[in-house]
2 protein chains.
Amino acid sequence: MKKDKVMDLFVGYLREKVLQITKQREEIFRCFLSTDTHLSVEELYSLVRKKDPKVGQTTVFRTLKLLCEADIAKEVDFGGRVKRYEVKYGHKHHDHLVCTKCGEFIEAVDERIEELQDKLCKKFGFIPF
Amino acid sequence: MKKDKVMDLFVGYLREKVLQITKQREEIFRCFLSTDTHLSVEELYSLVRKKDPKVGQTTVFRTLKLLCEADIAKEVDFGGRVKRYEVKYGHKHHDHLVCTKCGEFIEAVDERIEELQDKLCKKFGFIPF
DNA sequence: ATTGAATCTGAAATTCAATTTCAAAAAGAG
DNA sequence: CTCTTTTTGAAATTGAATTTCAGATTCAAT
């Protein structure tokens, strides 16, 4: 199953950075991967709390940061003030269409757009993210 | 000169909404249009203060909102926490390439991407912004 | 197992931009 | 001029992001 691979990636990252694999980090990792929505810290915190009410919001915040560094999560910025995070590992790069009124959004993968975006980035010395 | 047209647009918008054309609003409008950068409220406030130190930040904030409503300004969201505003009137829709490390960015207009974005939006019932 | 050092955690504090509040000032109507 | 409405801006509030710090936990070496 794919989840194990991602877990390996996370474990690998932690080892590389000489960080510990704690039960909090594991739980947060699991909760995060178990959804396919674009969670805010608060929302993920709520999820995690259902599994283990003792975990603090700060730890969720920090773990999410680690997950981003490990390329497992990706920060996505819809118009609002809250940051959201999506699973990056195993997901193609894609765009989001976000309603400026209600925040509703959809994910869209368009090969031709991707290709042009890549070219555009290359042209200006950027790396697509 | 183009600026007059934009001013007309602003004045028209204010009239429509039965709002007054005050010297503060005029000054903020002028300062905003005089730059081609992507200003935050704070930055625009600084500019305005040089012209009239009595203008308050709140008024800048509110006027910027009006300018957005009038389609003269557009909120753009680079990764950071601060909102930025660019001149929308008279500017083609375009994308931004933003460095995730330093925030440096460039504007890029790519006709083919624009076209595909339009199609994508249409396909899902969105209106490009 | 014990100790000592380093890491991790989470409640609370802090930060900082965004937004709201409210009383005073300015503008408009009569 | 007087009354009413709008506008203004200093100050307060909000809310998410981030930092702080003391206590808990883990690790490594005995």
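Quick note on labels: first sequence line is chain A, next is B, and so on, each numbered from 1. Source: prediction; values computed, not measured.
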Engineer: NZ of A/Lys17 versus P of C/dT7: gap in Å, rounded?
Structural biologist: 14 Å
Engineer: With respect to the phosphate group of C/dA17, does any side-chain polar atom (N or O) of A/Arg81 fall under 4.0 Å of OP1 or OP2?
Structural biologist: no
Engineer: Tell me: CD of A/Gln24 to C1' of D/dT26, nearest whole Å?
Structural biologist: 11 Å
Engineer: Please report, rounded to the nearest Å, how far the P atom of C/dA6 is from the CG atom of A/Leu19.
Structural biologist: 16 Å
Engineer: For B/Glu107 and B/His91, does a side-chain donor sit closer than 3.5 Å to a side-chain acceptor?
Structural biologist: no
Engineer: Search all heavy atoms of A/Tyr89 against all heavy atoms of A/Leu9 and return the closest pair with its distance.
Structural biologist: CD1-CD2, 3.5 Å
Engineer: When you look at CD of A/Glu104, are more than 12 heavy atoms from neighbouring residues, nucleotides or ligands closer to it than 6.0 Å?
Structural biologist: no
Engineer: Could you check whether atom CZ of A/Arg30 has more than 12 heavy atoms from other residues, nucleotides or ligands sitting under 6.0 Å from it?
Structural biologist: yes
Engineer: NZ of A/Lys23 versus P of C/dT7: gap in Å, rounded?
Structural biologist: 19 Å
Engineer: Is the NZ or CZ atom of B/Arg49 positioned over B/Tyr45's six-membered ring, under 6.0 angstrom from the centre and within 45° of the axis?
Structural biologist: yes
Engineer: For DNA chain D, which residues of residues 39-65 of chain A approach it to below 4.0 angstrom with any heavy atom?
Structural biologist: A/Thr58, A/Phe61, A/Arg62
Engineer: In the structure shown, which nucleotide is the Watson-Crick or G-U wobble counterpart of C/dT7, with both distances under 3.5 Å?
Structural biologist: D/dA24
Engineer: A/Gln20 has a side chain; which of D/dC27, C/dA18, C/dT9 sits nearest to it?
Structural biologist: D/dC27
Engineer: Atom CZ of B/Arg25 and atom P of C/dA26: how far apart are they, to the nearest Å?
Structural biologist: 15 Å
Engineer: What do you reckon, are the aromatic ring centroids of B/Phe32 and B/Tyr85 less than 6.0 Å apart?
Structural biologist: no
Engineer: Relative to the 5' end of DNA chain C, which residue comes earlier, A/Thr22 or B/Val82, by the nucleotide with the nearest heavy atom?
Structural biologist: A/Thr22
Engineer: Separation of B/Leu66 atom CG from D/dT8 atom P, in whole Å?
Structural biologist: 9 Å
Engineer: Measure from OH on A/Tyr85 to C1' on D/dA16 and round the result to the nearest Å.
Structural biologist: 10 Å
Engineer: Yes or no on side chain to side chain donor-acceptor pair (under 3.5 Å) for B/Gln117 and B/Asp95, after CA distance, side-chain angles and deciding distance?
Structural biologist: CA-CA 11 Å; B/Gln117 281 176 348; B/Asp95 295 320; 3.1 Å; yes
Engineer: Can you check the A/Arg84 CZ to D/dA16 P distance for me, whole Å?
Structural biologist: 11 Å
